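Have a look at the structure below before the remarks.
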2 protein chains.
Amino acid sequence: MDAVQDEAAGKRARGLDRAFEILDFLRQKRQALKPNEIAAQIGAPRSSVYELVNLLLQNGILEFTGGEGRVYLGRKLYFLGAAYENHFDFTRECEAALEQLADETRETAQFCMLDGNRYTVVRMREGARPFRISTDVGQSVPIPWTASGRLLVAHLSDQEILTFIPPQDFRLPNGEWLEPQTFIAEVRQAEREGLFTFNSIVDSFTHCFAVPVRGEEGHAAATLCLVTPRDDGIANRDRYLDCLKKAAAGLDHAPTRPKRG
Amino acid sequence: MDAVQDEAAGKRARGLDRAFEILDFLRQKRQALKPNEIAAQIGAPRSSVYELVNLLLQNGILEFTGGEGRVYLGRKLYFLGAAYENHFDFTRECEAALEQLADETRETAQFCMLDGNRYTVVRMREGARPFRISTDVGQSVPIPWTASGRLLVAHLSDQEILTFIPPQDFRLPNGEWLEPQTFIAEVRQAEREGLFTFNSIVDSFTHCFAVPVRGEEGHAAATLCLVTPRDDGIANRDRYLDCLKKAAAGLDHAPTRPKRG
DNA sequence: CATCTATGTCCAATATAATGTACATGTGAT
DNA sequence: ATCACATGTACATTATATTGGACATAGATG
């Protein structure tokens with residue numbers, strides 16, 4: 001998970017980009033880190049990171065926490081995030097949909113979106129029979145690793161998909177290489193059928209179901225997913241897909257609709 | 001609500017600071033704006049704002065919404081804010097406390113914190129008899145205008161308070177000037193008593209009650225407040241304060257305690 | 001038609017931000 | 001004691017980011 005390094009090496013990075021690289025890195029790590037550690041792990045000059053961290057601390061974007069000079073995301077980010085959530089008011093409806101899915105299926109239900117050019121679980125409702133879920137809420141994951149990923153990029157052309165997804169993200173967690181053309185074929189299939197299901201690539205014991213939640217532009221702004229034990233998933237496939245489609249219908253056009261204006 | 005302009009005029013502003021100035025401005029406005037409008041209203045060079053807005057759009061920090069090139073806070077901010085909330089896990093306990101207060105008093109209850117050098121309502125639970133609340137959730141308000149403000153700066157020295165609060169924030173909404181020494185005296189009184197109550201300065205018909213929620217460092221990391229009609233507030237003063245203290249006790253040390261680590 | 005404002009783009013000038021390097025300190029291992 | 005490493009600070013250099021202003025367009029107004 002190294003620095004993106006933009007395009008050319010040897011160029012200076014822009015402060016803003018580095019700053020958000022730091023913030024994203026802390027989000028991924030989900031823990032407070034020393035500036036020195038941040039610099040080492042994202043491959044940025046230490047002096048730059050110290051400079052930026054101090055600026056971000058002054059702005060309340062970062063906060064000291066965890067002692068020994070460690071920093072983590074700050075309160076200001078919470079306020080800004082809350083303003084976003086308030087504007088694009090999807091939380092309430094989203095929770096209701098997850099609740100409904102949990103009631104009807106007793107399985108783990110997730111609401112997922114793109115985070116830049118990766119996939120992330122925005123909200124999750126654990127099933128009645130909890131097992132170790134491979135991806136936590138808020139972690140970003142390569143798009144090709146997920147069922148939802150097939151739906152979330154379906155509005156792009158083949159070429160756009162290849163440009164959009166970082167090439168190394170086609171390397172699966174087990175080390176295998178997923179041929180981009182294979183992935184694209186699955187995207188088109190998912191687009192036609194309005195759903196995608198498969199045995200998880202990330203672990204060896206779950207089956208994943210994903211259906212699109214359509215935004216104002218008509219394409220998948222988010223997905224609703226079920227993550228089930230493989231036997232259960234295959235046994236209840238039709239019923240689970242019905243539940244998902246019903247729940248997604250209740251959200252359609254919602255995730256991107258502003259509350260006012 | 002003009003730009004902070006930092007210290008000296010005529011100096012170039014740092015991109016990072018301008019960027020967060022833009023974000024904060026959009027949060028205050030709570031609506032999408034055109035880059036041109038942003039530039040005009042925060043008093044920044046148009047070319048700079050266009051440049052920064054484009055950078056922020058690329059990073060997902062801002063998003064196009066509302067048409068005609070208008071931009072608002074982006075999804076990335078939501079993710080970062082959610083990570084903050086997840087780390088400093090105060091939401092669940094906070095909601096429970098507000099719920100409890102609402103049950104016991106039927107009045108409007110608020111959970112408030114500092115946002116930089118101003119005050120903001122983080123969460124609110126409307127009372128049974130709703131009236132027009134003068135400050136919305138997420139709006140930042142001068143510290144001296146609020147009861148909570150007396151508690152939230154009580155850990156600072158007199159001199160630090162004067163440095164911390166922007167001088168113009170002592171100008172009350174009705175145009176009167178609140179003498180900083182008067183304010184400081186009220187801060188010290190609130191500190192001794194562990195509470196502050198007054199007839200609202202912002203409107204003419206409510207009474208405000210505030211008690212501290214203490215963080216790890218022992219000082220007020222947040223406050224719990226009740227906003228009541230003046231008659232009710234004065235009639236039920238003792239009971240309301242008991243309710244507040246009970247609820248705050250349940251939150252103490254919570255707002256700043258990390259879930260892990 | 002002429003004028004004014006709102007909006008967005010482009011570009012050169014220069015103030016300065018990002019960086020590499022040196023320095024200082026503490027800690028643990030050899 | 002000596003070395004290696006982690007951590008933080010200070011500063012000069014130079015690549016570049018910020019800025020002012022020119023330019024283009026579209027509506028609105030008189």
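Quick caveat, the model's predicted, so the values are computed rather than measured. We use all heavy atoms of the structure for the numbers below, so side chains are in, but hydrogens, waters and symmetry mates are not. Here is the naming used below: chain letters follow the sequence lines, and residue numbers restart at 1 for every chain.
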| Main-chain N/O of Ala82(A) paired with Asn86(A) side-chain donor or acceptor, under 3.5 Å | no

| remark: Arg18(B) atom CZ is separated from dA17(C) atom P, nearest whole Å, by 12 Å

| field | Shortest side-chain distance from Ser48(B), nucleotide among dT19(D), dT19(C), dG8(D) | value | dT19(D)

| Residue mapping more 5' on DNA chain D - nearest nucleotide basis, Lys34(A) or Arg14(B) | Lys34(A)

| field | Backbone of Gln139(B) reached by a side-chain donor or acceptor of Thr120(B) within 3.5 Å | value | yes

| Can you check the Glu68(B) CD to dA26(D) P distance for me, whole Å? | 15 Å

| field | Sequence neighbours excluded, every pair satisfying salt bridge (Lys or Arg N to Asp or Glu O under 4.0 Å) that has a member inside residues 166-177 of chain A | value | Arg118(A)-Asp169(A)

| Integer-rounded Å distance: dT19(C) P and Asp17(A) CG | 11 Å

| note | Which of dT19(D), dT7(C), dA18(C) is nearest the side chain of Glu51(A)? It is dA18(C)

| task | Send over the distance from Ile38(B) CD1 to dT7(C) P, rounded to a whole Å. | result | 11 Å

| said: In whole Å, I'd like the distance from the CZ atom of Phe64(B) to the P atom of dT7(C). | reply: 15 Å

| request: Please tell me if the side chains of Asn59(B) and Leu56(B) come closer than 4.5 Å, counting only heavy atoms from C-beta onward. | output: no

| said: At 4.0 Å (heavy atoms only), tell me whether Ala13(B) reaches a base, stays on the sugar-phosphate, or touches nothing. | reply: sugar-phosphate

| remark: note: Leu52(A), atom CG; dA17(D), atom P; distance rounded to Å ~ 13 Å

| said: If you assign Leu16(A) and Glu37(A) each to the DNA chain D nucleotide with the nearest heavy atom, which residue ends up on the more 5' nucleotide? | reply: Glu37(A)

Give me the distances for all protein-to-nucleotides 20-25 of chain C N/O pairs that come in under 3.5 Å?
{"unit_1": "dG20(C)", "atom_1": "N7", "unit_2": "Ser47(A)", "atom_2": "OG", "d": "3.0"}
{"unit_1": "dG20(C)", "atom_1": "O6", "unit_2": "Ser47(A)", "atom_2": "OG", "d": "3.2"}

| query | What's the CG-P distance between Asn36(B) and dA26(D), to the nearest Å? | reply | 17 Å

| Can you say whether the rings of Tyr78(A) and Tyr84(B) are parallel (under 30°), tilted (30 to 60°) or perpendicular (over 60°)? | tilted

| Angle, rounded to 10°, between the helical axes spanning five pairs at each terminus of the helix from dC1(C)-dG30(D) to dT30(C)-dA1(D)? | 20°

| field | From CG (Asn174(A)) to CD1 (Ile201(A)), nearest 0.5 Å | value | 8.0 Å

| said: Looking at the base of dT14(C), is there any donor atom on it, or on the side chain of Arg12(B), that sits under 3.5 Å from an acceptor on the other one? | reply: yes

| said: Rounded to whole Å, how long is the line connecting atom OH of Tyr50(B) with atom P of dG8(C)? | reply: 3 Å

| said: When you measure from the side chain of Arg150(B) to the backbone of Pro144(B), do you find a donor-acceptor pair of N or O atoms at a distance under 3.5 Å? | reply: yes

| Are the side chain of Arg188(B) and the backbone N or O of Ala154(B) linked by a donor-acceptor pair below 3.5 Å? | yes

| query | Taking NZ, NE, NH1 and NH2 as the nitrogens, is one of them in Glu51(B) or Arg18(B) under 4.0 Å from a carboxylate oxygen of the other? | reply | no

